[in-house]
Number of protein chains: 2
Amino acid sequence: MSTRSQDPVGRRATIMDVAAAAGVSRQTVTRAMNGMTGISEVTRERVQRLAAELGYTPSRFAKGLVQGARISVGLAIPDLTNPYFPAFASSVVEAATQRSWNVVVDDYGHGTASGLDAVARLAPQVDALIGYLGEHSGEAQAMMGRRPVVALDCPEGGAAGNISFDYPYAARLAMDHLVSDGRSDIAYLDSDQGGPAASRGSATAAVAAEAGIAVTRCHAAPSAKAAREAVDDLLRSGVRIDAILAFNDLMAAGALKALQDGGKSVPGDCAVIGMDGIPLGELTTPELTTLSLDLRTVGRTAVDLLDALLSGSVEARSPAASLILRHELIVRRSA
Amino acid sequence: MSTRSQDPVGRRATIMDVAAAAGVSRQTVTRAMNGMTGISEVTRERVQRLAAELGYTPSRFAKGLVQGARISVGLAIPDLTNPYFPAFASSVVEAATQRSWNVVVDDYGHGTASGLDAVARLAPQVDALIGYLGEHSGEAQAMMGRRPVVALDCPEGGAAGNISFDYPYAARLAMDHLVSDGRSDIAYLDSDQGGPAASRGSATAAVAAEAGIAVTRCHAAPSAKAAREAVDDLLRSGVRIDAILAFNDLMAAGALKALQDGGKSVPGDCAVIGMDGIPLGELTTPELTTLSLDLRTVGRTAVDLLDALLSGSVEARSPAASLILRHELIVRRSA
DNA sequence: AGGTCTGCCGTGAACGTTCACGTCGTCAAA
DNA sequence: TTTGACGACGTGAACGTTCACGGCAGACCT
């Protein structure tokens, strides 16, 4: 009839269409569809049958408008391709599902996009946000207005809630382990992303300086491939090293490969320690010693914090909304 | 004032609140917020300032109701923890973002849930669905009504769109490679999930039978750990094998580990071939030979198909809505 | 002066549901 | 017969936006 029958989203049939087809009122259709009382079984079935025939699906917008909205939270992460993030995302989705929230994921890694693009896309669609936002947590919170944002790994903390990591503690853990193993020529294989991530490197440098150990720092994109090439260059440059501390497990795995390619034995000639404790670490040969984070805990913690923020039981930007998590050293084969 | 100031979702302020505060009408606020013309710069800035102060964020429901909805598609996957799925999800998110769609992810792996639970959660929230739904694609399509579903790896094809894989072709690729390498005692390490996934195993068995090769089949959960244990048992059982074909790369990686634990050299004593071609395969030692799928292509294909279905340029359940993708053999070190 | 244009702003209507009522029977008890 | 209760169903209102208008000044032209 009207031009909107061409509507790409098949939301043609409305509740009124069903009501007309069944010869009843809107409200009766509502009663039939939502399992409410106050309707006879025969009518209910007839209405449901008609609804199915017409392909009627209630508008989530109209529903959301009139009822209290079902909460949906945005999840902004830089790169689903890095195993750390899906592991994290998985636990967020799990915790959110338990609360009947749903999760809108935006992976802002592909283009040249930054986290803010993801936030811009997500902001009109969600009631709250969880994300690795780099240094942009302040702007992100501004875009979200009163709706709470939980930022991870962003020590400055412009967001309503902040979850950060105790890098000095982690660095000390690794350093102690390496030193007590007799290692002295340590390289730190850093990510070249800068931003808050750089605090991993500077924490390591500080701890090493404190212990009187010189650390060679080198940089690469946070992927296994880039790390492999960087370590390759490092080896070729002739610098003596007997241990590599990597920005994350993915880079550690790349380092492992480069060392093996270069004829070095691990951990014999050179130890390797990764960071974050992703499952991948158990599949390399040798298996990766790593500063592990319990990723399920991280995701759950983020959702718990968000819940507290939403319910008002924790004040935004208050000390209680700022959590610090610690890594744990898991000693496997590589160091 | 009213009790709804306790609203957990901070959607207190409406457009009317802003209008009242600024002493203007709704429409002027709309003009100010949406960068529309027909408003003076001073008024625009005043309104925007007031809006920010009140923490006003437009209701996505009201907006969606009156404007044509922004499309959001559900993505139902069994397990974000298996690297295959995030790789897939990543490409779906990328392709969807390019179209200004957004993606609601549901990972139905954690509980004892099946894909249908995910669909039930997703159905009221989305305009379309992409998913690994096992054998439930028919029910899923029914739940979604007229809204299109693209099901992956579900040959029966109850969904509007179907993307499946040519397993006989892949099996032949692997078998040829192994046979030409002189392997004759082949084990197929299958997933114990059953469902359409089982077609990988039966295709392999069929191809092997055709070539006159006996294949030992064993089963495990589709995780590296379970595969490792299964292969461990296999080795202990004393069966002679000189090649393992695995259900996926994760299981192949587990098999690798078990072989190494058991003192077997790979590929010397036993070859290993994985399936799907996830990045992890380049990080094991030896690197994994695998039947690779270009995962970015798979995701993009799914979104393209969904787009065609939504726009009506492809008829649901028509032959054009049924795509078959082929694996490609990538020979690395393990076979 | 009369006319038109343009910039700024306001008002009804519509989007598709659900909520809180209201109505109309029918049947049983008083 | 009246009363009350109850089951089945319908009707206005509301949710918060945007769209399509309409109005009202002032500037500018003839």
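Proteins come first, then strands; the chains are lettered A, B, ... in the order of their sequence lines, and each starts at number 1.
Side-chain contact of Tyr108(B) with Tyr132(B): a donor-acceptor pair under 3.5 Å is absent, judged by distance alone.
For residues 25-39 of chain A, proximity to DNA chain C is found at Arg26(A), Gln27(A), Thr30(A), Asn34(A), defined as any non-hydrogen atom under 4.0 angstrom from a strand atom.
Closest approach of Phe88(A) to Leu75(A), counting heavy atoms only: CE2-CD1, 3.9 Å. The shortest non-hydrogen separation linking Arg60(B) to Arg70(A) is NH2-O, 3.6 Å. Among all heavy-atom pairs drawn from Gly158(B) and Ser137(B), the shortest one is N-OG, 3.2 Å.
Closest to the side chain of Val66(A), out of dT18(D), dG10(D), dC15(D), is dC15(D). Here dG16(D) is the nucleotide among dT17(C), dG16(D), dC9(D) with the atom lying nearest to any side-chain atom of Leu65(B).
In this structure, Thr43(B) reaches the dC9(C) phosphate: one of its side-chain N or O atoms is under 4.0 Å from OP1 or OP2. The phosphate of dG7(C) has neither OP1 nor OP2 within less than 4.0 Å of any side-chain N or O from Ser40(B). In this model, the phosphate group of dT18(C) is approached by a side-chain N or O of Lys63(A) to a distance below 4.0 Å at OP1 or OP2.
With rounding to whole Å, Met16(B) atom CE is found 13 Å from dA14(D) atom P. Between the CG atom of Asp17(B) and the P atom of dC15(D) there is a distance of 11 Å, rounded to whole Å. For the pair Asp127(B) CG and dG16(C) P, the interatomic distance rounds to 14 Å; values are reported in whole Å. As a whole-Å value, the separation of Gln67(B) CD from dA20(D) P is 11 Å. Rounding to whole angstrom units, CZ of residue Phe61(B) and P of dT18(D) are separated by 15 Å. Rounded to whole Å, atom C1' of dC9(D) lies 13 Å from atom CZ of Arg44(A). Following rounding to the nearest Å, Ile15(B) (CD1) and dC9(C) (C1') show an atom-to-atom distance of 14 Å.
Formation of a donor-acceptor pair under 3.5 Å by the Arg31(A) side chain with backbone atoms of Ser40(A) is not found in this model.
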Notebook entry, point to check: Where do Arg121(B) and Asp106(B) land on the salt bridge (charged side-chain N to carboxylate O under 4.0 Å, His left out) test, with the steps shown first?
Noted result: CA-CA 8 Å; Arg121(B) 284 188 294 259; Asp106(B) 200 304; 2.7 Å; yes

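Taking a 6.0 Å sphere around CD of Glu315(B), one finds it holds 12 or fewer heavy atoms contributed by other residues, nucleotides or ligands.
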